[in-house]
Amino acid sequence: MKTVLVFRTSVTKEKEVRQLSPLLDQLIEPKGRWNFDLEDCDNILRVESGPQVTKKIIALMNAFNHKCNELE
């Protein structure tokens, strides 16, 4: 079952999104989707996928020195 996960991040530039893009594509299920809203004050990352990816997304973002916290 897919859910929408919302994360506050420290990603601020399109260049950073492009860098993360192939890794997020791999991490998110083939039919899952993700997008950044860099115009939002919290630089939101929205992910449509199973809830089991939450820790993996946070770990990926931290590996690239980006803060990432799930919003509830």
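Because only heavy atoms are used, hydrogens play no part in the values below, and waters and symmetry mates are left out as well, while side chains stay in.
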Checking [X] now: which residues fulfil side-chain hydrogen bond (donor to acceptor under 3.5 Å, both in side chains) with it, not counting sequence neighbours?
{"X": "E48", "result": "R33"}
{"X": "D40", "result": "none"}
{"X": "N35", "result": "none"}
{"X": "R46", "result": "none"}

Should [X] and [Y] be regarded as members of a common hydrophobic cluster, given that ILVMFWY residues are connected when their side-chain heavy atoms come within less than 4.5 Å of each other, either directly or indirectly?
{"X": "V11", "Y": "F64", "answer": "yes"}
{"X": "L23", "Y": "V53", "answer": "yes"}
{"X": "V17", "Y": "V47", "answer": "yes"}

Please tell me if the side chains of F36 and N43 come closer than 4.5 Å, counting only heavy atoms from C-beta onward.
-> no
Taking the side chain as every heavy atom from C-beta outward, state whether D42 and F7 have any atom pair closer than 4.5 Å.
-> no
Please list all pairs passing the side-chain hydrogen bond (donor to acceptor under 3.5 Å, both in side chains) test where one or both residues lie in residues 58-72, with sequence neighbours left out.
-> S10-H66
Sidechain-backbone polar pair: D37 side chain, E39 backbone, donor-acceptor under 3.5 Å | yes
Start with the C-alpha gap between L20 and L45, add the side-chain angles, then the distance that decides, and say whether side chain to side chain contact (heavy atoms under 4.5 Å, CB included) holds.
-> CA-CA 11 Å; L20 294 165; L45 167 61; over 6 Å; no
CH2 of W34 to CG of L24: how many Å apart, nearest 0.5 Å?
-> 5.0 Å
Can you name the residues that form a side chain to side chain contact (heavy atoms under 4.5 Å, CB included) with L27, not counting sequence neighbours?
-> K56, I57, L60
Where is the tightest heavy-atom contact between R8 and L71, given as atom of each residue plus distance?
-> NH2-CD2, 3.3 Å
